[in-house]
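Beneath this line is the structure, given in structure tokens, with notes to follow.
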Amino acid sequence: RVVPAGVVAGIALALAILLLARRQMSLASAIRHALRKNEFFLVYQPIVELATGKWVGAEALLRWRRATGELIGPDLFIPVAERTGAITKLTERVLRLVQEDTGRFLADHPTFHVALNLSAADLLTTTIVDLLDQLLHRTGARPSNVLVELTERALLDIGPARKVICDLRARGIEVAIDDFGTGYSSLSYLESLELDYLKIDRSFIEAIGTRAPTSQVVSHIIPMARAMGLRMIAEGVETREQADFLIENGVQYAQGWLFAKPMAFAELCLALERMNGVQANEDLAAQVTQ
Ligand code: C2E
Ligand code: MG
Ligand code: MG
Ligand code: MG
């Protein structure tokens with residue numbers, strides 16, 4: 001007898017779901033293991049002031065190096081960590097890594113900031129505020145040395161998030177909405193939150209200068225953000241053409257491979273020293289020629 005195709009498809013689907021669930025379970029336990037084995041580390045991508053090319057800050061991005069040498073990106077493990085509740089432990093680790101990496105650097109560089117990505121679960125309690133206070137206390141950094149990035153998804157459960165955002169901003173820690181344009185936030189919703197920065201998602205930057213329908217979106221986001229008093233950071237700027245468009249349209253800051261890829265904090269410090277050296281020489285040259 002022939003088994004009906006529907007039954008076969010049903011069994012195949014059930015198996016696929018089972019495999020996915022198992023994969024997620026094993027990845028979740030692998031994350032816990034990796035925390036114990038210190039397999040997580042941070043790379044830092046410079047945030048550039050478009051008008052001057054100056055590096056004004058850097059975004060901390062999480063990486064996982066497995067014992068096998070395999071490098072796993074956050075797009076793979078953050079969603080699993082979020083679904084399985086491991087994310088708050090990961091965020092704690094991120095804060096500790098920032099503390100270890102930056103040491104006294106932030107205390108010595110009052111205008112430089114490190115941007116941190118938080119998830120929805122991090123905003124459910126005010127523990128995160130205490131953790132950030134500890135980070136500031138232990139490194140001697142000022143609140144203005146830290147910027148917190150929240151995705152629209154993290155802001156969906158707005159009750160508790162609102163309290164955390166208020167607490168952070170009351171301290172002088174600035175808050176950005178990340179990947180803007182990919183979620184569900186309406187204008188009025190955004191306006192009801194007090195935020196400092198809007199990060200324009202890479203998908204819209206990619207579309208600049210192309211015929212894609214999304215190429216129009218930036219032209220709408222930019223004046224809107226400006227009207228709301230938000231400063232803007234463009235994500236994923238890869239070409240000069242994109243950067244010029246952003247400058248012409250009054251976007252102040254950008255991140256992307258055109259300027260720099262994410263790097264170890266020590267490397268970032270070296271690059272900054274080199275650039276400051278160049279800057280100092282240029283200032284001197286300007287004085288001499290005056
Ligand atoms: P994100 O916060 O939007 O970070 C920007 C992503 O764009 C990073 O990917 C960065 O490496 C990448 N990128 C930057 N410039 C360019 C460019 O010019 N071209 C292209 N193609 N890509 C560029 P990454 O590091 O893989 O991070 C992916 C996402 O994972 C982040 O997106 C963020 O949402 C999340 N994530 C990373 N670290 C953390 C963390 O510590 N905690 C949490 N909760 N999420 C994190
Ligand atoms: Mg981010
Ligand atoms: Mg982003
Ligand atoms: Mg993005």
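As the structure lists them, so they are numbered: ligands from 1, and atoms in each ligand from 1. Just so you know, these numbers come straight off a predicted model, no measurement behind them.
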- Message: Could you check whether W257 and E238, counting side-chain N and O atoms only, form a donor-acceptor pair closer than 3.5 Å?
- Response: no

- Query: What part of Q255 sits under 4.0 Å from ligand 1 if we count only heavy atoms: the side chain, the backbone, both or neither?
  - Reply: neither

- Message: Among the N, O or S atoms of E149, which one sits nearest to the Mg ion (ligand 2)?
- Response: OE1

- Query: Counting backbone and side-chain atoms alike, does T151 have an N/O/S atom under 2.8 Å from the Mg ion (ligand 2)?
  - Reply: no

- Task: Check ligand 1 against P74 and write out every atom of the ligand that is under 4.0 Å from a heavy-atom position of the residue.
- Result: 24 (P), 25 (O), 26 (O), 27 (O), 28 (C), 30 (O), 36 (N), 37 (C)

- Task: Would you check whether K199 reaches within less than 4.0 Å of ligand 1, judged by its heavy atoms?
- Result: no

- Please say which of I173, T126, L132 ends up in a side-chain contact (heavy atoms from CB on, under 4.5 Å) with D167. T126

- Note on the structure: With heavy atoms and a 4.0 Å threshold, my read on which part of D179 contacts ligand 1 is side chain

- Kindly state each residue pair satisfying side-chain hydrogen bond (donor to acceptor under 3.5 Å, both in side chains) with at least one member in residues 43-52, sequence neighbours excluded. Y44-D101, Q45-Q255, E49-T52

- Query: Which of the N/O/S atoms in D178 sits closest to the Mg ion (ligand 2)?
  - Reply: OD2

- Message: One residue to check: E59. Relative to ligand 1, which of side chain, backbone, both or neither has a non-hydrogen atom less than 4.0 Å away?
- Response: side chain

- Query: With distance as the sole criterion, is a donor-acceptor pair present between the side chains of D201 and T182 under 3.5 Å?
  - Reply: no

- Message: Heavy-atom contact check, 4.0 Å cutoff: does E82 meet ligand 1?
- Response: no

- Task: List every atom of ligand 1 that sits less than 4.0 Å from any heavy atom of D75, numbering the atoms from 1 in the order shown and giving each element.
- Result: 28 (C), 29 (C), 30 (O)

- Which of these, R63, K261, Q242, has its nearest heavy atom closest to atom 25 (O) of ligand 1? R63

Output side-chain donor-acceptor pairs under 3.5 Å for residues 262-276, partner residues at least two apart or in another chain, one line each.
residue	atom	partner	partner atom	Å
N276	ND2	L272	O	3.4

- Taking only heavy atoms of G256, which atoms of ligand 1 are found under 4.0 Å from at least one of them? 15 (N), 18 (O)

- Could a heavy atom of E238 be found less than 4.0 Å from some atom of ligand 1? yes

- Could you go step by step and tell me if D122 and T91 meet the side-chain hydrogen bond (donor to acceptor under 3.5 Å, both in side chains) rule? CA-CA 8 Å; D122 295 317; T91 300; 2.8 Å; yes

- Query: In terms of atom number and element, which parts of ligand 1 are under 4.0 angstrom from non-hydrogen atoms of E235?
  - Reply: 3 (O)

- Message: One thing to verify: whether D133 and R171 come together as a salt bridge, which I'm taking to mean a side-chain N less than 4.0 angstrom from a carboxylate O.
- Response: yes

- Are the charged groups of R96 and E92 less than 4.0 angstrom apart, N to O? no

- the Mg ion (ligand 2) - name of the N/O/S atom of E59 that sits closest to it: OE2

- Checking heavy atoms under 4.0 Å, the part of V237 that sits near ligand 1 is backbone

- Message: Any heavy-atom pair between the side chains of L246 and I205 that's under 4.5 Å?
- Response: yes

- Could you establish whether G73 and ligand 1 come within less than 4.0 Å of each other, counting only heavy atoms on the residue side? no

- Task: Determine the interplanar angle of the F40 and W64 rings, folded into 0 to 90°, and report it as parallel if under 30°, tilted if 30 to 60°, perpendicular if over 60°.
- Result: tilted

- Before accepting this row, confirm whether a basic side-chain N of the pair K199/E59 lies closer than 4.0 Å to the acidic partner's carboxylate O. yes

- Contacting atoms of ligand 1, where contact means under 4.0 angstrom from a heavy atom of Q45: 14 (C), 15 (N)

- Message: For E174, is there an ion pair with R231 - N to carboxylate O distance below 4.0 angstrom?
- Response: yes

- For Q99 and T139, test the side chains for any donor-to-acceptor distance below 3.5 angstrom and give the result as yes or no. no

- Task: Would you mind telling me if ligand 1 is within reach of the side chain of L61, the backbone, both or neither, using heavy atoms under 4.0 Å?
- Result: both

- Message: Under 4.0 Å from a heavy atom of V94: which atoms of ligand 1 are those, numbered in the order shown and with their elements?
- Response: 41 (O)

- Quick one: does P262 get an N or O within less than 3.5 Å of an N or O on ligand 1? no

